[in-house]
Amino acid sequence: MKTSLAQPTVRPSDETPAIPLQMAPKRRGKPPRHFADLTPEERVASVIEAGEPAFRAKQLATHYFTHYTSDAAKMTDLPAKSRENLAATMFPELIRPTRKLEADGGTTVKTLWHLFDDAKVESVLMRYPNRTTLCVSSQAGCGMACPFCATGQLGLTRNLSTAEILEQVRAAFRSLADGEIPGGVTRLNNLVFMGMGEPLANYKAVMETVRALVAPQPEGLGMSARNITVSTVGLVPAMQKLTKEGIPVTLAVSLHAPDDDLRSELVPINTRWSVDETLDTARNYFEVTGRRVSIEYALIKDMNDHAWRADLLGEKLNARGRGWVHVNPIPLNPTPGSIWTASDREVEDEFVARLRGHGIPTTIRDTRGSDIDGACGQLAAEEDDE
Ligand code: SAH
């Protein structure tokens, strides 16, 4: 894509240089092909190619998507020779956990993963009384350059492959099935693409992941599309494409400001697709899929938290109809070195009250895991000396 984009001029601190928008990754090295990269048809073809009978594809799928295992040694219904043969070709180790951090009595777990080329990503598993949610990464780093976001400050390293994303999900299912999270054995209910990266900038792998998430077991993980949230800065053409996929995932749009002047500073891609274009596209997503869209709004003290901005947001949403959208304000999680901070409680309350006054359903998003840098926008994998 050819873009000539203005640089943001508002920055978290004067020492923080504005970083450029980056649509394409620096590194293009491809991770090894994995069973989870394949469609059901490709699984059969590749099992045959490995000299095994076609029905092994279903056996492998059952192990992977129903028992959440990629360890060939555990696939004891297969002959030992087939196990060895298939382990090497189908299940290379793609992601390796190198650090786990816990909060909330062990019900929030952040995992740092090392990838084959030493790129690093994070995922966060959160157990609530009535549901369990996993926040996954879709890219190593991110090219969208939002100045308040820790990942945005890293720049984009590369896209993750389908299997690198699915492996984060499988690991979560595995951990829940093993009873590793206090509260007993359970399954994963919700998945949000709110970890590192801009999911719609890695469209193909993210959609292949979604297809595997919603395919019934044993072909996939049997999740419900409505419980999968794809969160985007507002890549309009990709949102339009998503609208036509026929998979009614929940769409979340990171708006953060209702006016172009400020939004172009906070979400630099706004210089390419404006607030109005983004909202029109979101509204059309609702129209076609019937899924109510979420608007994400990080409340940043004295930056975007003014009552008039709540009113303007309410007006812009209502101008596009009723009942199609809800707003999720979240108090900013300050990133290291930033002079920006979360809005005061009264300001937050007023912002919410104004939106509700316009008839917009509004719920404050929780900041679980902020003490382990596992909350929204705080994921920034670091180089550790190990
Ligand atoms: N690239 C996607 C996913 C990013 S993370 C997107 O931008 O939507 C998910 C959400 O966390 C986004 O709404 C993002 O704007 C928000 N976020 C980023 N940094 C944050 C911070 N420091 N505090 C609160 N929310 C933040």
Side-chain angles (χ1 to χ4, degrees), residues 8 11-13 16 19 21-23 110 121-124 126 133-156 159-160 165 190-203 206 228-236 238-239 242 249-257 262-263 265-270 273 278 281-282 285 293-301 303-305 326-343 348 363-371 373-381:
R11 301 200 289 280
S13 81
T16 316
I19 60 164
L21 263 164
Q22 209 183 327
M23 299 304 283
K110 179 174 87 162
V121 296
E122 297 175 333
S123 61
V124 185
M126 292 157 282
T133 299
L134 179 71
C135 178
V136 289
S137 295
S138 55
Q139 298 181 311
C142 184
M144 295 299 110
C146 303
F148 58 91
C149 174
T151 313
Q153 303 311 299
L154 297 177
L156 177 62
N159 285 331
L160 299 196
I165 305 170
N190 298 304
L191 188 117
V192 297
F193 284 93
M194 292 189 180
M196 299 174 79
E198 165 53 42
L200 294 187
N202 183 15
Y203 191 88
V206 165
I228 298 169
T229 299
V230 174
S231 180
T232 180
V233 289
L235 300 182
V236 163
M239 289 165 71
L242 183 68
V249 294
T250 299
L251 177 68
V253 177
S254 299
L255 201 69
H256 305 309
L262 180 58
R263 189 167 192 264
E265 309 286 358
L266 296 177
V267 185
I269 202 69
N270 193 74
W273 294 289
T278 306
T281 312
Y285 187 83
V293 172
S294 301
I295 299 291
E296 308 293 302
Y297 202 108
L299 285 167
I300 312 175
K301 188 176 181 170
M303 180 66 72
N304 63 353
D305 59 358
H326 62 115
V327 177
N328 278 148
I330 174 175
L332 181 82
N333 286 310
T335 55
S338 170
I339 54 166
W340 290 350
T341 162
S343 305
E348 177 184 313
T363 31
I364 296 280
R365 190 181 274 277
D366 83 323
T367 54
R368 240 207 210 209
S370 53
D371 44 345
D373 291 349
C376 302
Q378 286 194 326
L379 302 185

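These figures come from a predicted structure and were not determined experimentally. In each ligand, atom 1 is the first atom listed, and ligand 1 is the first ligand listed.
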For the student: nearest non-hydrogen atoms of Val233 and Cys146, plus distance: CG1-SG, 4.1 Å

Within-4.5 Å side-chain heavy-atom neighbours: Ser123 and Leu134: yes

N/O to N/O below 3.5 Å, does that happen between Pro331 and ligand 1? no

Rounded at 0.5 Å granularity, tell me how far OG in Ser254 sits from CZ in Arg263. 7.5 Å

Met144 contact mode with ligand 1 (heavy-atom cut-off under 4.0 Å): neither

If the cut-off is 4.0 Å to any non-hydrogen atom of Leu332, which atoms of ligand 1 fall inside it? 21 (C), 22 (N), 23 (N)

Compare all side-chain heavy atoms of Thr335 with those of Pro147 and state whether any distance is below 4.5 angstrom. no

Between the main-chain N or O of Ser343 and the side-chain N or O of Asp305, is there a donor-acceptor pair closer than 3.5 Å? no

Whether the side chain of Thr232 engages the backbone of Gly234 through a donor-acceptor N/O pair (distance < 3.5 Å, no angle test) should be reported. yes

Does Thr250 use its side chain to pair, donor to acceptor, with the backbone of Thr229 at less than 3.5 Å? no

Going by the order shown, which atoms of ligand 1 are within less than 4.0 Å of some heavy atom of Gly197? 1 (N), 2 (C), 3 (C)

Suppose I only count heavy atoms of Met194 and a 4.0 Å limit; which atoms of ligand 1 are within that range? 5 (S), 9 (C)

Tell me which one of Pro329, Gly195, Cys149, Cys142 gets a heavy atom nearest to atom 4 (C) of ligand 1. Gly195

Thr151, portion touching ligand 1 at heavy-atom distance under 4.0 Å: neither

Can an N or O of Ala298 be found at a distance shorter than 3.5 Å from an N or O of ligand 1? no

Side chain or backbone, does Glu296 bring an N or O within less than 3.5 Å of an N or O on ligand 1? no

Please work out which of His256, Gln139, Glu198 has its closest non-hydrogen atom nearest to atom 15 (O) of ligand 1. His256

Ligand 1 atoms in contact with Val233 (distance to a heavy atom under 4.0 Å): 6 (C), 7 (O), 8 (O)

Under 4.0 Å from any heavy atom of Asn333, which atoms of ligand 1 are there? 21 (C), 22 (N), 23 (N), 24 (C)

Heavy-atom pair of closest approach, residues Glu198 and Cys142: N-SG, 3.8 Å

